[in-house]
Amino acid sequence: TDYSEELTRTPMCGYYHGPVTHGMRVNVSLGRMITRLNIVVSNQTGEDMTDLLISIDNAPRYAHLYPNTSLTPLNPAEEDKRNYSDGGISLSAGESINVYYYIAPNLYGEEWPTTIWTTCNVGGVPMKGAMILGDTPPDSSENTSFPPEVNTKRDLRLYPNNQYTFTINY
């Protein structure tokens with residue numbers, strides 16, 4: 001699915017605090033109301049990597065007009081979530097790739113977890129990884145979504161006007 005139309009308009013926010021008089025110029029610093037996710041995948045296996053798939057599941061599709069401090073989702077319905085992916089990527093041994101996505105901020109923790117997935121083949125052996133962006137510690141009894149070997153859940157809420165980089169080393 002092509003979401004490029006959504007990237008043509010970047011919502012911004014800013015504020016000014018102070019008196020305003022007729023004819024006065026006011027400078028307002030603007031910040032993006034969206035979040036940038038950089039995902040770096042590095043092939044350190046010593047072998048070529050094929051069929052690399054990078055995906056972000058369950059990303060919020062909408063953001064509040066001004067950053068929300070109550071952390072209440074707008075409407076956590078399925079149609080308000082979006083999945084993104086890039087696949088069919090091959091990396092030679094020692095090579096890395098950096099992909100980035102602009103998404104709505106994820107401030108909702110356990111109610112609306114966003115997950116970064118990677119899958120690939122190295123020497124014919126399938127490999128996978130997952131990072132859940134939520135607020136339950138990895139050793140919590142509530143954290144049963146994934147087997148322990150791929151379960152790396154952390155408090156990684158994604159705030160507006162920030163850039164986050166996740167490096168995945170194979």
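Predicted model only: the values in this text are computed from it and were never measured. Excluded from the calculations below are hydrogen atoms, water molecules and symmetry mates; all remaining heavy atoms, backbone and side chain alike, are included.
Residue pairs meeting the side-chain hydrogen bond (donor to acceptor under 3.5 Å, both in side chains) criterion with at least one partner in residues 17-31, sequence neighbours excluded, are absent.
Interatomic distance, CG of D57 versus CG of N83, reported as 4.5 Å (0.5 Å rounding). Here the OG-CD1 distance, from S96 to I168, works out to 11.0 Å after rounding to the nearest 0.5 Å. The distance from the CG atom of N43 to the CG atom of D48 is 7.0 Å, given to the nearest 0.5 Å. Taking CG of N162 as the reference point, atom CZ of R36 lies at 12.5 Å (rounded to 0.5 Å). To the nearest 0.5 Å, the span separating OG1 on T119 from CE on M127 amounts to 11.5 Å. Rounding to the nearest 0.5 Å places CG of L53 at 11.0 Å from CH2 of W117.
Taken together through direct or relayed side-chain contacts under 4.5 Å among Ile, Leu, Val, Met, Phe, Trp and Tyr, V40 and Y84 form parts of separate hydrophobic clusters. Linking Ile, Leu, Val, Met, Phe, Trp and Tyr residues whenever their side-chain heavy atoms come within less than 4.5 Å places L30 and V26 in a single cluster. Residues V28 and V20 fall within the same hydrophobic cluster, defined by Ile, Leu, Val, Met, Phe, Trp and Tyr side chains chained together at heavy-atom separations under 4.5 Å. Cluster membership check: V99 shares its hydrophobic cluster with Y164, using side-chain heavy-atom separations under 4.5 Å among Ile, Leu, Val, Met, Phe, Trp and Tyr.
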Derivation and outcome, side-chain contact (heavy atoms from CB on, under 4.5 Å), residues N38 and N98: CA-CA 7 Å; N38 297 317; N98 181 14; 3.9 Å; yes

Check against side-chain contact (heavy atoms from CB on, under 4.5 Å), T115 and N58: CA-CA 7 Å; T115 305; N58 214 25; 5.6 Å; no

Verdict with reasoning, I39 to I56, per side-chain contact (heavy atoms from CB on, under 4.5 Å): CA-CA 10 Å; I39 301 172; I56 299 174; 3.9 Å; yes

T118/Y170 under side-chain contact (heavy atoms from CB on, under 4.5 Å): CA gap, chis, key distance, verdict: CA-CA 10 Å; T118 60; Y170 279 99; 2.4 Å; yes

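Residues I54 and Y101 approach most closely at O-OH, 3.7 Å, considering heavy atoms. Closest heavy-atom contact between E95 and S90: OE1-O, 4.2 Å.
With contacts defined as side-chain heavy-atom distances shorter than 4.5 Å, the pair N121/P126 qualifies.
Looking only at distances, no side-chain donor or acceptor of S42 sits under 3.5 Å from a matching main-chain atom of Q44.
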